[in-house]
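Here, residue 1 is the first one in the sequence, and each next residue gets the next number.
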Amino acid sequence: MPSDTARLAGRLIGPLDPAATVLLTVECQRGVVGPDSALPELADAARQSGALANVARLVAAAHAAGVQVLHAVAERRPDGRGASHNARLFKAAERLPVQQLTGSAAVHIADPIAVSDDDLVVRRLHGLSPIAGTDVDALLRNFGCRTLVVTGVSANVAIPNAVFDAVNLGYTAVVPADAIAGVPTDYTPAMIRHTLALVATVTTTDEVLTAWSQPHQGEG
């Protein structure tokens, strides 16, 4: 009998057709999940849980399968122009010892994620969402995207924002539960179970990799 993984991967093959799927990494930048993070607790959670390594695996598999990859990065101009100020989170970020300044090492994609020349990096100066108010929706439509695989950080804010925005815009959202992280660590599975599972297809990194390894329409 097929394993649970094989059965679910089979169910995902249609929605994860490489020609109609985009992989989104959210704030997987050095200043957030790297060793010199402005948010060391979140960086530790992303690394110790294996989420960051799984994002890297998904990106590598996407490159091999011909799936478009978008990296969503949060930035701040050195002069702060255009930055949001209407939430406590933004005010706290202004006081952090590591700033996500445009052009700095903090906004480079963190190891071990490999960025290819075909990847696109979408940068935002304001807000909480990697999709709303950015170029992501227009890019997804131009790529013919129907399914968006959402990965990265944090399960507290940016990941649910991305999933809700994707669903509201008409995309099918897929969330590999082991490729997102938040704080405290026990919050992430609760967010997935009680919120994201209501609006997205929750899966695992291995299941997505299995789906992408299968022949799809138009392939030999």
Review point. Looking at Ala177 and Val202, what are the two nearest heavy atoms and their distance?
Key: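 Of all heavy-atom pairs spanning Ala177 and Val202, the closest is CB-CG1, 3.9 Å.
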Check your understanding: Which pair of non-hydrogen atoms, one from Ala62 and one from Leu23, has the smallest distance, and what is that distance?
Key ->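 Closest pair (atom of Ala62, atom of Leu23, distance): CB-CD2, 4.0 Å.
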Taking side-chain contact (heavy atoms from CB on, under 4.5 Å) as the definition, give me every residue that meets it alongside [X], ordered by chain and number, with sequence neighbours left out.
{"X": "Pro112", "result": "Leu52, Ala56"}
{"X": "Arg81", "result": "Arg77, Asp79"}
{"X": "Ala20", "result": "Arg146"}
{"X": "Ala43", "result": "Ser37"}

Review point. Who pairs with Asn142 by side chain to side chain donor-acceptor pair (under 3.5 Å), at least two apart in sequence or on another chain?
Key: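 Expected list: none.
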**Study point:** By side chain to side chain donor-acceptor pair (under 3.5 Å) - contacts of Thr205 (at least two apart)
**Key:**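 Thr205: side chain to side chain donor-acceptor pair (under 3.5 Å) contacts with Asp178.
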Side-chain atoms of residues 149-159: list all donor-acceptor pairs with protein atoms under 3.5 Å, sequence neighbours left out, distances to 0.1 Å.
residue : atom : partner : partner atom : Å
Thr151  : OG1  : Leu24   : O            : 2.9
Ser154  : OG   : Asn156  : N            : 3.3
Ser154  : OG   : Val157  : N            : 3.2
Asn156  : OD1  : Val183  : N            : 3.0
Asn156  : ND2  : Val183  : O            : 2.6

Please identify each residue that fulfils salt bridge (charged side-chain N to carboxylate O under 4.0 Å, His left out) with [X], with sequence neighbours left out.
{"X": "Asp186", "answer": "none"}
{"X": "Arg141", "answer": "Asp137"}
{"X": "Arg47", "answer": "none"}

In a table with atom names and distances, give each donor-acceptor pair under 3.5 Å that connects a side chain of residues 122-134 to protein atoms at least two apart or in another chain.
residue : atom : partner : partner atom : Å
Arg123  : NE   : Glu75   : OE2          : 3.4
Arg123  : NH1  : Glu75   : OE2          : 2.6
Arg124  : NE   : His126  : O            : 3.4
Arg124  : NE   : Gly127  : O            : 3.4
Arg124  : NE   : Ser129  : O            : 3.4
Arg124  : NH1  : Glu27   : OE2          : 3.3
Arg124  : NH2  : Glu27   : OE2          : 2.9
Arg124  : NH2  : Leu128  : O            : 3.4
Ser129  : OG   : Ile131  : N            : 3.0
Ser129  : OG   : Ala132  : N            : 3.1
Ser129  : OG   : Asp165  : OD2          : 2.4
Thr134  : OG1  : Pro130  : O            : 3.1
Thr134  : OG1  : Ile131  : O            : 2.8
Thr134  : OG1  : Val136  : N            : 3.1

Exercise for review: Would you mind listing every salt bridge (Lys or Arg N to Asp or Glu O under 4.0 Å) that reaches into residues 50-67, with sequence neighbours excluded?
Suggested key: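 Found Arg57-Asp206.
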Point to revise | Result of checking Val69, Thr147, Leu140 against Val22 for side chain to side chain contact (heavy atoms under 4.5 Å, CB included) | key: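 Among Val69, Thr147, Leu140, the one that satisfies the side chain to side chain contact (heavy atoms under 4.5 Å, CB included) with Val22 is Leu140.
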